[in-house]
Participant: 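Got a structure here, written out as structure tokens. Questions coming.
On a predicted model such as this, the values are computed, not experimentally measured, just so you know.
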Amino acid sequence: DIAEIEDELIDRYGNIPKYVSNLLKIAHIKSLAKECGFSSITQKNESVIFQYINESYMDLSTINKLMNAFRRRIMFNESSKPYLTLLIKGLKDEEILENVKTVVGIIKTH
């Protein structure tokens, strides 16, 4: 659906600015995140925090796949309010969006 919206904007207005493209990516990520059980995804300093809605958790195979994809850049905290932390130090804004999308995509496919 996001691709259709982007195509529609291009048809009507020509090439879209990078910030509009990023806004569409963020909307897509938000939609996927909700399906995965996240209440919020926030950037704090040099990390992105994926906060779960409730006490839901991921299975070990999903955690393993995330660890393989991101090595030492991702951590899982299984407290009363579980969350993931993705370290983003040194990444550009576009790379951060792609990394966040990848995390949510891996979780959604499991």
Participant: Verify the neighbour count for atom CG of Asp11: are there more than 12 heavy atoms of other residues, nucleotides or ligands below 6.0 Å?
Facilitator: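 Buried by this count: over 12 neighbours within 6.0 Å.
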
Participant: What's the separation between atom CG in Asn99 and atom NZ in Lys92, rounded to the nearest 0.5 Å?
Facilitator: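 Interatomic distance, Asn99 CG to Lys92 NZ, rounded to 0.5 Å: 13.5 Å.
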
Participant: Can you tell me how far the CD1 atom of Ile74 sits from the CG atom of Asn68, to the nearest 0.5 Å?
Facilitator: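 Ile74 atom CD1 to Asn68 atom CG measures 11.5 Å (nearest 0.5 Å).
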
Participant: Any ring pair (Phe, Tyr, Trp, His ring centres under 6.0 Å) pairs touching residues 3-39, not counting sequence neighbours?
Facilitator: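 Qualifying pairs: Phe38-Phe50, Phe38-Tyr52.
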
Participant: Looking only at heavy atoms, what is the nearest atom pair of Ile2 and Leu24, with distance?
Facilitator: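 The answer is CD1-O, 3.8 Å.
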
Participant: Ignoring hydrogens, what is the shortest heavy-atom contact between Lys81 and Gln51? Give both atom names and the distance.
Facilitator: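 The pair with the smallest heavy-atom distance is O-NE2, 3.3 Å.
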
Participant: Roughly how far, to the nearest 0.5 Å, is OG of Ser40 from NZ of Lys30?
Facilitator: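 Answer rounded to 0.5 Å: 10.5 Å.
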
Participant: Which heavy atom of Ala33 sits nearest to which heavy atom of Ile41, and what is that distance?
Facilitator: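 Answer, listing the atom of Ala33 first, then Ile41: CB-CD1, 3.6 Å.
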
Participant: Would you say Lys108 and Glu35 make side-chain contact, with heavy atoms under 4.5 Å?
Facilitator: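 Yes, close enough: below the 4.5 Å cut-off.
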
Participant: Among Met75, Arg72, Arg71, find the residue that satisfies the side chain to side chain contact (heavy atoms under 4.5 Å, CB included) test when tested with Leu87.
Facilitator: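 Of the listed residues Met75, Arg72, Arg71, the side chain to side chain contact (heavy atoms under 4.5 Å, CB included) partner of Leu87 is Met75.
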
Participant: Under the 3.5 angstrom rule, does the side chain of Thr62 hit a backbone N or O of Ile107 as a donor-acceptor pair?
Facilitator: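 Such a contact is absent between Thr62 side chain and Ile107 backbone.
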
Participant: Can you tell me how far apart CG (Leu23) and CD (Glu6) are? Round to the nearest 0.5 Å.
Facilitator: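 That separation rounds to 11.0 Å.
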
Participant: When clusters are formed by joining ILVMFWY residues with side-chain heavy atoms under 4.5 Å apart, either directly or through shared neighbours, do Ile49 and Leu32 land in the same one?
Facilitator: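 Ile49 does not cluster with Leu32.
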
Participant: Can you check whether Lys101 reaches Val104 side chain to side chain, under 4.5 Å on heavy atoms?
Facilitator: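 Heavy-atom side-chain distance check fails, nothing below 4.5 Å.
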
Participant: Can you confirm whether Tyr83 is buried at OH, in the sense that more than 12 heavy atoms of other residues, nucleotides or ligands lie under 6.0 Å from that atom?
Facilitator: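 Check fails, neighbour count at 12 or below.
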
Participant: Count the heavy atoms of every other residue, nucleotide or ligand shown that sit under 6.0 Å from CG of Asn77, and state whether that count exceeds 12.
Facilitator: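 Above 12, so yes.
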
Participant: Do Ile26 and Val20 sit in one hydrophobic cluster, given that two such residues count as connected whenever their side-chain heavy atoms are within less than 4.5 Å of each other, even indirectly?
Facilitator: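 Result: no, two separate clusters.
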
Participant: With clusters defined by side-chain heavy atoms of hydrophobic residues (ILVMFWY) lying less than 4.5 Å apart, directly or transitively, does Val103 cluster with Met67?
Facilitator: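 Yes, one cluster joins them.
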
Participant: On a heavy-atom basis, which atom in Leu86 and which in Val100 lie closest, and how many Å separate them?
Facilitator: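 The pair with the smallest heavy-atom distance is CD2-N, 4.4 Å.
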
Participant: To the nearest 0.5 Å, what is the distance between NZ (Lys89) and CZ (Arg73)?
Facilitator: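 Rounded to the nearest 0.5 Å, the NZ-CZ separation comes to 12.5 Å.
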
Participant: Treating Ile, Leu, Val, Met, Phe, Trp and Tyr as nodes and any side-chain heavy-atom pair under 4.5 angstrom as an edge, say whether Leu97 and Leu9 lie in one connected cluster.
Facilitator: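 No; Leu9 is not reachable from Leu97 via cluster members.
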
Participant: Roughly how far apart are Glu95 CD and Asp93 CG, rounded to 0.5 Å?
Facilitator: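 So the CD of Glu95 and the CG of Asp93 are separated by 9.5 Å.
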
Participant: Identify the heavy atoms of Ile106 and Ala69 that sit nearest to each other, and give their distance.
Facilitator: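 The answer is CD1-CB, 3.9 Å.
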
Participant: Grab the two heavy atoms, one from Ile88 and one from Ser47, that are nearest each other, plus how far apart they are.
Facilitator: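 In this case the closest contact between Ile88 and Ser47 is CG1-N, 3.6 Å.
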
Participant: A quick test of your reading: do over 12 heavy atoms of other residues, nucleotides or ligands sit less than 6.0 Å from CG of Asn45?
Facilitator: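 Count not over threshold, so no.
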
